[in-house]
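Start at 1 and go down the list; that is how both ligands and their atoms are numbered. All of these numbers come straight from a predicted model, not from anything done at the bench.
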Amino acid sequence: MDHYGVLGNPVEHSKSPAIHARFAELTGQAMDYCKLLAPLDNFAQALQQWIDSGGRGCNVTVPFKFEAFQLAGTASERATLAQAANTLSFGDAGQIAADNTDGAGLVRDIQLNAGVSLAGRDILMLGAGGAAAGVLGPLLMAGPRRLVVTNRTHAKALDLVARHAKHPSLHAMLQKTELLALEQQGLQANFDVVINATASSLSGGAVPVDPRVLKPGALAYDMMYGAAAKAFSDWALAHGAVPRDGLGMLVEQAAESFAVWRGVRPPSAQVLQEMREALA
Ligand code: NAP
């Protein structure tokens, strides 16, 4: 039996153990997966304890994704672009390899599960925190016409965009895609896809953008899910957009982590359907 878990603070609310248990059951993998509360001031020690106790890998959630990346000895290209990791794998001598599956999860949920192609579209992303950092590279790789990042703290959006704009692996994509960081007042109207990667839904705050950014029928995607996503969903419906919550991203990023660890892709669409029914 191989052991995995999710380290975070808080972590009690996490649905990852249920998702991975179902993936393991459906693919016949001998593994278990638990919640691991890490102290806010000592993530490194909690991670080392998990490695020493025989863990084979872990997911990392708020607020440790940046620290997890720093602690790793090696990192995938997508984790390097994000400078953040949500998936760690451990070698036999305790070496830590970092990956970031958030972007792959988001893009798969939008394109495959929601059936919305991102190629040639105009995308607006709200936020420049850990989640936004994790998804910007994979969104670019999907080939949009324009990808705009806007954030309450503009300097963070500028940094995020600048880091991606100068990364050699994205040069070819940036011939096709206009990548910009803009302040709210500089935003044009009419985006095909608006992604809320801020924590505004979590704090019950207002949707942090003017509704004129939504093209009629646009996809309005909130990374939040469950009751917390309702305000954003209501806002989208009231302005002629099609809302989608982040449950699919959650299941798809977990499926990608599972594939990294086990070399097997689990049936994520089936598990997403089961999770939706359980939430309803
Ligand atoms: P984070 O690193 O703390 O970043 C928070 C971001 O939200 C920052 O851009 C921040 O702006 C912005 N923000 C916070 N409150 C705001 C408000 N009231 N109005 C406008 N902007 C606000 O958090 P994170 O890791 O990026 O997570 C962001 C959200 O994504 C969380 O709700 C998280 O649960 C969700 N998420 C979902 C999945 C999934 O699988 N579905 C995966 C990852 C994350 P400033 O820079 O100005 O502070």
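- For ligand 1, the polar-atom distance check against Tyr225 finds no nitrogen or oxygen pair separated by under 3.5 Å.
- Applying the ring-ring contact (aromatic ring centres under 6.0 Å, His included) test to every pair with at least one member in residues 131-183, sequence neighbours left out, gives no pairs at all.
- Pro208 CB, 3.6 Å is the protein heavy atom nearest to atom 20 (C) of ligand 1.
- A salt bridge between Asp245 and Arg276 is present, with a side-chain N of the basic residue lying under 4.0 Å from a carboxylate O of the acidic one.
- Heavy atoms of Arg152 found under 4.0 angstrom from ligand 1 belong to the backbone as well as the side chain.
- Under a 3.5 Å cut-off, the side chain of Gln253 and the backbone N or O of Leu250 do form a donor-acceptor pair.
- Below 3.5 Å of separation, one finds an N or O of Met223 facing an N or O of ligand 1.
- For atom 7 (O) of ligand 1, the nearest protein heavy atom (residue, atom name, distance) is Ala199 N, 3.0 Å.
- In this model, a donor atom of one side chain and an acceptor atom of the other lie less than 3.5 Å apart for Gln273 and Glu277.
- Contact atoms of ligand 1 toward Lys65: 43 (C) (distance under 4.0 Å to a heavy atom of the residue).
- Closest heavy-atom approach to atom 32 (O) of ligand 1 within the set Met224, Glu252, Met249: this belongs to Met224.
- Taking all heavy atoms of Ala131, Ala254, Gly105, Ala155 into account, the minimum distance to atom 27 (O) of ligand 1 is reached by Ala131.
- Close contacts between ligand 1 and Leu250 involve ligand atoms 40 (O), 41 (N) [criterion: under 4.0 Å to a heavy atom].
- Val193 is connected to Val135 through a chain of hydrophobic side-chain contacts under 4.5 Å among Ile, Leu, Val, Met, Phe, Trp and Tyr, so both are in one cluster.
- Side-chain atoms of Gln83 come within 3.5 Å of backbone N or O of Thr80 as a donor-acceptor pair.
- Under the ring-ring contact (aromatic ring centres under 6.0 Å, His included) criterion, the residue pairs touching residues 196-232 are Phe232-Trp235, with sequence neighbours excluded.
- With a 4.0 Å cut-off on non-hydrogen atoms, Ala128 touches ligand 1 through its backbone and not its side chain.
- Interface of Gly127 with ligand 1, defined as ligand atoms under 4.0 Å from a residue heavy atom, comprises 9 (O).
- Protein heavy atom nearest atom 23 (O) of ligand 1, with residue, atom name and distance: Gly130 N, 4.4 Å.
- The main-chain N or O of Thr87 is never found under 3.5 Å from a side-chain atom of Asp99 such that the two would form a donor-acceptor pair.
- With hydrogens and angles disregarded, a donor-acceptor distance shorter than 3.5 Å links the side chain of Arg212 to the backbone of Leu187.
- Side chain of Ser233 to main chain of Ala229: no donor-acceptor pair is present (N/O by atom type, distance under 3.5 Å, no hydrogens or angles).
- When heavy-atom distances to ligand 1 are checked against a 4.0 Å cut-off, Lys156 comes that close only through its side chain, counted from C-beta outward.
- For atom 3 (O) of ligand 1, the nearest protein heavy atom is 4.0 Å or more away.
- Of the heavy atoms in Ala197, only backbone atoms (N, CA, C, O) come closer than 4.0 Å to ligand 1.
- Contact check on Asp2 versus Arg262 returns a salt bridge, with a Lys/Arg side-chain nitrogen under 4.0 Å from an Asp/Glu carboxylate oxygen.
- Using a distance-only test at 3.5 Å, with no hydrogens or angles considered, a donor-acceptor pair links the side chain of Ser14 to the main chain of Ser16.
- At the top of the distance list for atom 29 (C) of ligand 1, counting protein heavy atoms only, stands Thr198 O, 3.5 Å.
- Residue, atom and distance of the protein heavy atom nearest to atom 9 (O) of ligand 1 are Asn151 OD1, 2.7 Å.
- Residue Thr153 approaches ligand 1 through these ligand atoms, each under 4.0 Å from one of its heavy atoms: 45 (P), 46 (O), 47 (O).
- The shortest N or O to N or O distance between Phe66 and ligand 1 is not below 3.5 Å.
- Looking at Gly246 next to ligand 1, an N or O pair under 3.5 Å apart turns up.
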